[in-house]
Amino acid sequence: MSEAQDKMNQAILARVAGSERFPVAWVIQLGKDEVQFARVIKGGIDEDYAPVGRSTANVYASAILNDLEPPRYLHPCDKPFD
């Protein structure tokens, strides 16, 4: 992780604190073409995910709102071949 990314993570974590009511927080960083997700538990990043495009981010957000984790990867269905 770069020093700049580490500083940004520390700044985000300083603002995100868990509570009994909301023990898990999700940080969603929106870029021009990409979105990055990180799960925060007890004030620390429990897991972060590679940046994804907006359409994939919609799937990730839907999974999170349904108490699921974002999928590790999404890929197109296999195409039939002759």
Residues in side chain to side chain contact (heavy atoms under 4.5 Å, CB included) with Asn58, at least two apart?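 If we apply the side chain to side chain contact (heavy atoms under 4.5 Å, CB included) test to Asn58, skipping adjacent residues, there are no hits.
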For Leu65, what residues pass the side chain to side chain contact (heavy atoms under 4.5 Å, CB included) criterion, not counting sequence neighbours?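 Testing Leu65 for side chain to side chain contact (heavy atoms under 4.5 Å, CB included), a comparison that skips the adjacent residues, returns none.
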Considering residues, nucleotides and ligands other than Asp67, do more than 12 of their heavy atoms fall under 6.0 Å from its CG?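 It does not: Asp67 CG has 12 such atoms or fewer within range.
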When the side chains of residues 28-38 are checked against the rest of the protein, which donor-acceptor pairs come out under 3.5 Å, sequence neighbours left out?
unit_1, atom_1, unit_2, atom_2, d
Gln36, NE2, Tyr49, O, 3.4

Least distance between heavy atoms, Tyr60 atom then Pro71 atom: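 In this case the closest contact between Tyr60 and Pro71 is OH-O, 3.4 Å.
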